[in-house]
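Every number for a ligand or one of its atoms is a count from 1 in the order of the listing. Here the structure is a predicted model, which means the values were calculated and not measured. Scope of the values below: all heavy atoms of this structure, side chains included, with no hydrogens, waters or symmetry mates.
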Amino acid sequence: MQEPSDNYQIDPAITIHRPEDFEGMRKAGRLAAEVLDYITPFVKPGISTGELDSMCDAFIRDHGAISACYGYRGYPRSTCISINHVVCHGIPGDRKLEDGDIANIDVTVILDGWYGDTSRMYLVGDKISIRSRRLVEATYESMMRGISVVRAGATLGDVGHAIQSYVEPMGLSVVRDFCGHGLGREFHCAPSVLHYGQKGKGEVLRAGTFLTIEPMINAGKFGVKVLADGWTAVTKDRSLSAQFEHSLAVTETGYEIFTKSPKGWDSPPYEGINA
Ligand code: MF3
Ligand code: CO
Ligand code: CO
């Protein structure tokens with residue numbers, strides 16, 4: 001007998017998790033989301049990114065976890081905070097938030113050995129331009145469209161296509177230099193989850209795969225460069241950039257998001273706290 005000769009590739013590096021592994025991810029994902037809920041009321045003009053980072057770090061430790069970022073490949077802080085034209089991996093420090101900024105806070109916790117990785121955008125103050133607001137809304141919607149096509153049998157190209165085909169007609173662009181990733185008992189593992197692509201192409205998703213979808217969307221061109229600190233990625237054309245991230249599982253019938261906000265604060269406005 002021949003094996004069925006379906007002409008797609010299965011990447012042996014992609015871990016297929018067991019049903020009992022989901023509980024660890026639910027707890028880690030929930031804690032990562034709770035960190036973002038906790039910090040939300042403090043995201044206001046005048047606070048520094050270093051202060052926000054320290055508060056997140058204390059919250060993570062108080063809940064029996066550690067930050068996956070601190071010390072990761074020499075990364076010096078516990079979160080990434082990326083403002084305006086910073087695409088990702090902004091290092092928290094003395095920079096104070098200003099009215100009109102858009103900022104991403106990205107949190108990854110390790111709880112009982114499981115990784116929960118999530119990020120959201122914050123609109124700082126009340127002088128947010130229409131352009132900024134639209135970019136943030138489109139980025140959230142693109143992530144949710146990418147997630148909505150996830151199920152056993154769909155492909156990673158389907159996910160990328162859902163994101164790219166939504167944002168490009170608006171004149172926005174999808175960052176190519178960073179992608180989503182598998183996770184579980186590891187931070188970054190197979191598969192690489194590109195946020196652009198063609199329907200039906202790429203790896204076929206199987207139930208029990210844990211991954212992130214975390215599109216970085218630019219108001220201008222997709223080019224990115226990394227600053228001399230070795231981390232901070234900015235748009236080459238200095239256009240604004242936005243990002244959201246969820247950790248999720250592929251299931252037979254669809255997906256399970258591990259990092260949904262217990263407070264319902266998945267995208268701004270956050271109940272008037274941070275409109
Ligand atoms: N949380 C980021 C991600 O979504 C990774 C940050 S790594 C760090 O994959 F070292 F910059 F913190
Ligand atoms: Co991630
Ligand atoms: Co992240």
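Closer than 4.0 angstrom to ligand 1 by heavy atom are Cys69, Tyr72, Tyr75, Cys80, His89, Asp106, Thr108, Asp117, His181, Phe187, His188, Glu214, Trp231, Glu245, sorted by chain and number.
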For residues 189-202, which side-chain donor-acceptor pairs fall under 3.5 Å, sequence neighbours excluded?
unit_1: His195; atom_1: NE2; unit_2: Glu214; atom_2: N; d: 3.0

(request) Carefully, step by step, assess Tyr75 and His89 under the rule ring pair (Phe, Tyr, Trp, His ring centres under 6.0 Å). (result) CA-CA 9 Å; Tyr75 188 76; His89 302 164; 7.2 Å; no
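Only protein N, O or S atoms were scored, and 4 of them lie under 2.8 Å from the Co ion (ligand 2).
At least one test fails for Arg26 against the ring of Phe258: distance under 6.0 Å to the centre or angle within 45° of the axis.
A donor atom on one side chain and an acceptor atom on the other are found under 3.5 Å apart for Asn218 and Ser241. The closest side-chain donor-acceptor pair between Asp37 and Thr40, if any, does not fall under 3.5 angstrom.
Nearest heavy atom pair, residue Ile257 against residue Met144, reads CD1-CE, 4.1 Å.
Within 6.0 Å of the CZ atom in Arg30, the count of heavy atoms belonging to other residues, nucleotides or ligands does not exceed 12. The environment of CG in Asp94 is sparse: at most 12 heavy-atom neighbours from other residues, nucleotides or ligands sit within 6.0 Å.
With sequence neighbours excluded, the residues that form a side chain to side chain contact (heavy atoms under 4.5 Å, CB included) with Arg73 are Trp231.
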